[in-house]
Amino acid sequence: MAHRWTNDLTQADATPKAAFLNRRQLMAGVAGLASAGFAGSARAMDETLVPNSFEDITSYNNFYEFGTAKDDPKKYAHELTTQPWSIKIDGLVDNPGDYSFEEVLDGMTIEDRLYRFRCVEAWAMNIPWNGFELADLLQKVGVKPEAKYVAFETLVRPEEMRGQRRPTLAWPYREGLRLDEAMHPLTLMATGIYGETMPNQNGAPIRLVVPWKYGFKSIKSIVRITLTDQEPATSWNLANAREYGFYSNVNPNVDHPRWSQATHRMIGGGLFASREPTLMFNGYEKDVASLYEGMDLTKHF
Amino acid sequence: MAIVDHMNAWARRVPMWLVYLIYAAPAPYFFYLGLTGGLGPEPINALEREYGEIALQLLIIGLAITPLRRFVGVNLIRFRRAIGVLAFFYVSLHLLVWLVLDVQILGQIWADILKRTYITVGMAGFLVMLPLVLTSNNWSVRKLGPKWRKLHKLTYVAAILGGAHYLWLVKGIQLEPMIYMAVILGLLATRAIPNRKSAAIPAR
């Protein structure tokens with residue numbers, strides 16, 4: 001069931017490492033791939049999404065498990081060992097159990113997905129992820145009909161995750177999705193960036209990516225997935241319910257209480273980068289708006 | 001006491017222009033870093049933070065001068081004006097980066113100042129410092145007389161507003177802004193310790 005969503009944004013999701021090795025080679029590389037018939041169809045041209053460099057993506061991170069400064073994850077995430085890795089899948093599933101990373105990947109199709117990434121702090125990047133659809137994994141383990149939500153947890157290992165030695169948030173980091181959000185073809189379990197193994201600072205070895213929601217929903221370094229019939233508690237909502245709702249869909253019309261969400265700044269634009277308007281559902285409105293039909297998004301923010 | 005005496009003697013010899021020079025230097029330095037990638041892939045926010053943090057540190061140094069003299073005997077009073085003026089300099093740069101490089105959009109600037117508590121608080125801190133920098137000259141000190149001392153107690157307000165501004169803008173529970181606020185409140189608390197000069201220092 002992979003490939004249910006294809007990137008109609010750009011040819012750039014086929015951009016090889018050249019993009020971060022040398023931005024100037026980008027266009028040449030893409031042109032080469034395109035002529036090799038490798039870069040997707042012609043309809044991929046209605047909009048151009050230029051991926052951020054590998055350097056940008058891996059050096060400006062919010063991963064409070066390693067510290068609250070943007071460069072802390074890059075500095076300290078190497079202290080984390082990601083092998084062996086397993087994910088406990090439990091709750092309302094047919095085949096609960098501890099799945100090794102290899103078992104999780106078994107039967108999954110890894111795709112390239114170039115997505116917009118919009119942080120709740122009003123900055124953004126474009127990131128060429130590699131991963132599989134969460135729906136495929138959920139199908140593999142079998143979701144019971146009573147299940148309505150999916151809850152996720154990040155690893156807790158303060159010896160290797162120094163940020164966890166402070167109570168910045170209530171560890172483990174927790175996130176959750178409604179089942180229909182989790183089953184949406186855009187929802188990705190990412191295992192890499194630019195074809196490289198997921199860097200530790202970006203949530204190795206496996207993380208969630210939900211491109212129409214603020215970045216903090218895309219939980220990193222997942223060790224547990226629980227199917228449940230109740231809306232799960234989520235870390236930022238627990239920390240400050242007034243500021244962070246369960247849904248946290250990107251919405252330029254609903255401001256964060258402390259700052260506007262109408263615009264954002266792309267990372268990598270330097271000291272004189274200008275702000276850009278933020279799009280409803282981060283530009284994925286036609287894909288996901290139907291999930292929220294009839295909901296008051298100012299109330300369910 | 002020897003160390004304290006040495007420090008005081010040394011402090012008397014440091015030329016004031018050197019203090020201004022040393023403490024003004026980080027401003028162009030960080031700007032240069034921001035231009036050349038030294039502040040990471042998002043230099044605007046980084047620069048804003050650097051200037052803001054230096055301003056807050058200067059406010060704290062300024063508040064420390066009186067208790068240092070009273071309780072330790074180190075006399076750095078002659079630097080206090082420079083420290084205050086430099087604090088204002090960095091607060092202004094911090095504000096300027098926010099206005100020109102960060103928000104950019106005039107309508108949003110006003111909305112932010114009115115609607116966002118931490119920005120309202122920060123802006124209030126800047127405004128409180130305006131009369132202080134305007135009266136930081138000898139002429140004003142003479143002209144205002146005892147009122148000058150009273151007016152410059154506004155530094156206390158500015159420091160508290162600055163500390164609150166920092167506390168308010170972070171996400172989650174973070175140690176650094178709490179430490180800044182604790183130091184500010186601690187230094188202000190020393191002002192409440194009663195003077196025991198007549199009892200403690202015996203007549204010679």
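Throughout, a chain's letter reflects where its sequence line sits, starting with A, and its residues are numbered from 1. These numbers come from the heavy atoms of this one structure, side chains and all, not from hydrogens, waters or symmetry mates.
Among A/Asn62, A/Thr168, A/Thr68, the single residue meeting the side-chain contact (heavy atoms from CB on, under 4.5 Å) criterion with B/Lys171 is A/Asn62.
Ranking B/Ile119, B/Thr117, B/Asp112, B/Leu169 against chain A, the residue ahead of the rest is B/Leu169, based on heavy-atom pairs under 4.5 Å. Annotation: maximal heavy-atom pairing with chain B below 4.5 Å, among A/Ala262, A/Ser274, A/Pro257, occurs at A/Ser274. Of all the listed residues (A/Pro167, A/Ala239, A/Ala122, A/Ser59), the one sharing the greatest number of non-hydrogen pairs under 4.5 Å with chain B is A/Pro167.
The closest side-chain heavy-atom distance from A/Arg275 to B/Asp102 is below 4.5 Å. Side-chain contact between B/Lys115 and A/Asp255 is present, with at least one heavy-atom pair separated by less than 4.5 Å. At a threshold of 4.5 Å between non-hydrogen side-chain atoms, the residues B/Leu35 and A/Phe272 count as touching. B/Pro41 is not listed as a side-chain neighbour of A/Glu55, based on a closest heavy-atom distance of 4.5 Å or more.
Neither the backbone nor the side chain of B/Leu39 comes within contact range of chain A, judged by heavy atoms closer than 4.5 Å. Residue contact with chain B, scored on non-hydrogen atoms closer than 4.5 Å, involves the side chain of A/Glu121 exclusively. Looking at A/Trp123, neither its backbone nor its side chain comes within 4.5 Å of chain B, counting heavy atoms on both sides. Of the two parts of B/Val170, only the backbone, made up of N, CA, C and O, holds a non-hydrogen atom closer than 4.5 Å to a non-hydrogen atom of chain A.
Residue A/Lys75 qualifies as enclosed at atom NZ: its count of foreign heavy atoms under 6.0 Å is above 12. Enclosure of atom CZ in A/Arg166 is not indicated, since only 12 or fewer non-hydrogen atoms of other residues, nucleotides or ligands lie within 6.0 angstrom. Counting non-hydrogen atoms of other residues, nucleotides and ligands closer than 6.0 Å to CE of B/Met181 gives a total above 12. Atom CZ of B/Arg69 is surrounded by 12 or fewer heavy atoms from other residues, nucleotides or ligands within 6.0 Å. The number of heavy atoms from other shown groups lying within 6.0 Å of OH (B/Tyr20) is above 12.
Residues B/Leu47 and A/Leu271 come closest through the heavy atom pair CD2-CD1, 4.1 Å. Considering every non-hydrogen atom in both B/Gln108 and A/Thr263, the closest pair reads OE1-OG1, 3.7 Å. Taking every heavy atom of both residues into account, A/Ile267 and B/Glu42 meet most closely at CD1-CG, 3.2 Å.
The backbone N or O of B/Trp168 sits less than 3.5 Å from a side-chain atom of A/Arg258, completing a donor-acceptor pair.
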